[in-house]
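Take a look at the structure below.
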Amino acid sequence: MVLMNRIAKISLLVIILNIYHLLNIRGQSTQTSTYCNPINIDYTYSIYNANENISYRSGADPAVVKFRNEYYMFVTRSMGYWHSTDLLHWSFITPEKWYFQGSNAPAAHNYNDSVLYVTGDPSGSMSILYTDNPKKGDWKAIPLIINDLQDPDLFIDDDGKAYMFWGSSNTYPIRAKTLDREDMFRPSKATYELFNLDENNHGWERFGENHGDTVLKGYIEGPWLTKYNNMYYMQYAAPGTEFNVYGDGIYMSDSPLGPYHYAPNNPVSYKPGGFMNGAGHGSTVIGPNITYWHFASMAVSINVNWERRICMFPTYFDRDGLMYTNTSFGDYPHYAPTIAGKMGEFTGWMLVSYKKSVKASSYYDKYKPENIVDENVKTFWVAENNDDKQWLEIDLLNFATVYAIQINYHDYKSNIYGKVPGLYHRYFIESSMDGKNWSILVDRINDYKDVPNDYVEIDFPQIVRYIRYRNIHVPTPKLSISDLRIFGRGHGQLPAKVKNLVVNRYKDRRDAMITWDQQGNCIGYNIIWGISPDKMYNSWMVYEKNFLELKSLTVDQNYYFSVEAFNENGISERELIVQSE
Ligand SMILES: *[C@@H]1O[C@H](CO)[C@@H](O)[C@H](O)[C@H]1NC(C)=O
Ligand SMILES: *[C@@H]1O[C@H](CO)[C@@H](O)[C@H](O)[C@H]1NC(C)=O
Ligand SMILES: *[C@@H]1O[C@H](CO)[C@@H](O)[C@H](O)[C@H]1NC(C)=O
Ligand SMILES: *[C@@H]1O[C@H](CO)[C@@H](O)[C@H](O)[C@H]1NC(C)=O
Ligand SMILES: *[C@@H]1O[C@H](CO)[C@@H](O)[C@H](O)[C@H]1NC(C)=O
């Protein structure tokens with residue numbers, strides 16, 4: 001019965017899809033309504049540096065500002081910046097005038113109908129750059145009588161008072177000076193110390209992958225101040241940009257200079273599990289229709305620790321004034337900021353390619369094709385060549401309705417440095433029901449765009465079993481892909497509700513061991529926790545395993561935990577459990 005129904009449903013869809021073919025409508029979307037982290041921009045390559053002459057792309061520490069209802073994104077060492085009208089499509093601007101191409105962790109602020117941008121030069125002196133035409137980029141400089149600020153944040157309050165915050169250290173706290181706008185932003189003599197890490201009480205501020213390093217101290221970095229309802233939310237990053245657990249926490253105050261109080265739901269922006277990890281050092285911006293978005297950095301960290309990408313997450317303030325971001329399924333497709341009523345929500349399109357069977361035209365050295373379906377950005381496939389003879393084929397083993405595809409290219413000995421014009425990727429993707437009769441699903445044959453993390457939405461979802469990537473051109477000497485991710489819905493059963501969730505909070509209350517029963521018919525689990533049953537703001541995705549050692553808790557805080565299972569067909573129901581004392 002069930003099988004018959006399924007066959008009937010598939011035949012109906014096949015008929016509909018054939019009608020689309022007759023009308024000559026392509027599956028591929030022209031009007032994208034979703035996005036998938038990491039965001040797909042033409043990340044700048046690091047400039048050649050004899051001490052570290054490894055070629056890699058990076059984008060990190062995004063400072064996003066709204067200006068005349070459009071958005072500008074400033075990113076560490078990018079030799080320019082990006083512009084967007086919708087927080088979804090970004091185009092690179094090479095400004096007419098630019099200072100200090102090596103600028104790290106910039107700050108940006110919209111004030112008096114200008115964009116103000118703060119940066120330092122390699123000698124350590126700082127300037128405020130400003131322009132009322134960032135599209136042209138005719139920047140003018142106000143040198144600051146202030147030196148060597150790491151990770152600055154410029155904030156000008158509604159009352160016109162200006163502040164400079166900064167900090168990137170495993171010793172010094174986040175600090176501040178006031179600036180006198182009437183006098184070339186002259187800084188105050190006084191320096192205010194706001195707060196520092198407190199690793200003995202805040203588990204998530206501890207250094208290392210999974211907060212596992214017990215020797216080195218964590219770094220406090222990347223301050224960014226957001227004002228909401230007369231409350232000041234000072235965001236700060238910890239414990240280090242190269243780790244899966246890099247995140248942003250918040251201290252709150254009713255005054256920009258404090259006193260500041262630790263937010264009970266920290267870390268606020270945190271994405272330690274899944275394909276792309278890290279959600280730290282960013283900025284918060286008001287998007288369309290007064291929705292808030294938190295931008296941050298994600299670690300790739302294969303070629304060097306500083307190889308990173310940018311992500312964005314929908315951000316909210318709850319009725320008790322706590323700010324939180326939702327990073328759940330945070331590297332799966334979500335609705336774009338402009339989609340009314342759905343902005344930021346998870347689409348429900350699941351990963352249908354996880355550990356499925358893969359074949360390839362060739363592979364180089366030990367970099368095998370199965371690395372493209374393992375949900376690990378740090379493993380990758382390298383083809384023997386970078387030409388149009390190279391292909392990859394994934395057998396999904398079952399039929400699935402495919403809604404979107406993400407191709408994450410990797411830099412394997414790319415030998416490209418700086419912002420090189422004219423880089424592009426060309427390819428096409430075919431699909432098939434039987435592995436014999438193929439039709440084109442994604443057509444990037446005549447596209448000449450630099451898309452290192454290309455994400456393509458399929459307008460008319462296709463039922464397929466086989467997917468084939470056919471390369472035409474990549475800008476790098478080797479074709480290398482870290483993951484080719486296929487999103488959609490399988491046609492089988494949802495996983496069952498998870499059983500026997502047990503949380504064992506250690507004597508060291510920063511840590512807990514969470515376990516549950518392994519179950520069939522699922523590929524992974526989402527562990528969800530929060531400070532009360534209606535504030536379950538944090539999550540950590542794991543594939544396959546049935547335990548998580550969670551080291552990010554705050555000592556004097558009680559928590560509630562839940563877990564859900566997921567597979568190609570969707571997500572199970574959740575169950576709540578209470579963690580006592
Ligand atoms: C830089 O490249 C040169 C030549 O390719 C090589 O000999 C040297 O070891 C490299 N240096 C580093 C730090 O990787
Ligand atoms: C705003 O900018 C204008 C000209 O660019 C300047 O004359 C004015 O003083 C500025 N206002 C404030 C409040 O800074
Ligand atoms: C803006 O928000 C309002 C109220 O939530 C909603 O009715 C409207 O559809 C939204 N518009 C857009 C463009 O998102
Ligand atoms: C976060 O997003 C997930 C996925 O859409 C959703 O199930 C969950 O309820 C959201 N969490 C909160 C606190 O809104
Ligand atoms: C191949 O598939 C197309 C539709 O996708 C169909 O029209 C055609 O008949 C199929 N050809 C064969 C030989 O099965």
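Read the numbers this way: they start at 1 and go in the same order the structure lists the ligands and their atoms. Worth knowing before you read on, the calculation uses all heavy atoms, side chains too, and leaves out hydrogens, waters and symmetry mates.
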Parallel, tilted or perpendicular, as decided by the 30° and 60° cut-offs, for the rings of Y262 and H202: parallel

Option whose closest heavy atom lies nearest to atom 4 (C) of ligand 4, chosen from Y324, F313, F346, Y537: F346

Pair Y35 + Y332: ring centers closer than 6.0 Å: no

Check ion pair D158-K227 (N to O, under 4.0 angstrom): yes

Numbering as shown, the atoms of ligand 4 that approach R574 to under 4.0 Å (heavy-atom distance): 7 (O), 8 (C), 9 (O)

Residue and atom name of the nearest protein heavy atom (relative to atom 11 (N) of ligand 4), distance in Å to one decimal: N326 ND2, 3.0 Å

Output field: ring centroids Y43/W306 closer than 6.0 Å: no

Residue-ligand contact M536/ligand 4, heavy atom below 4.0 Å: yes

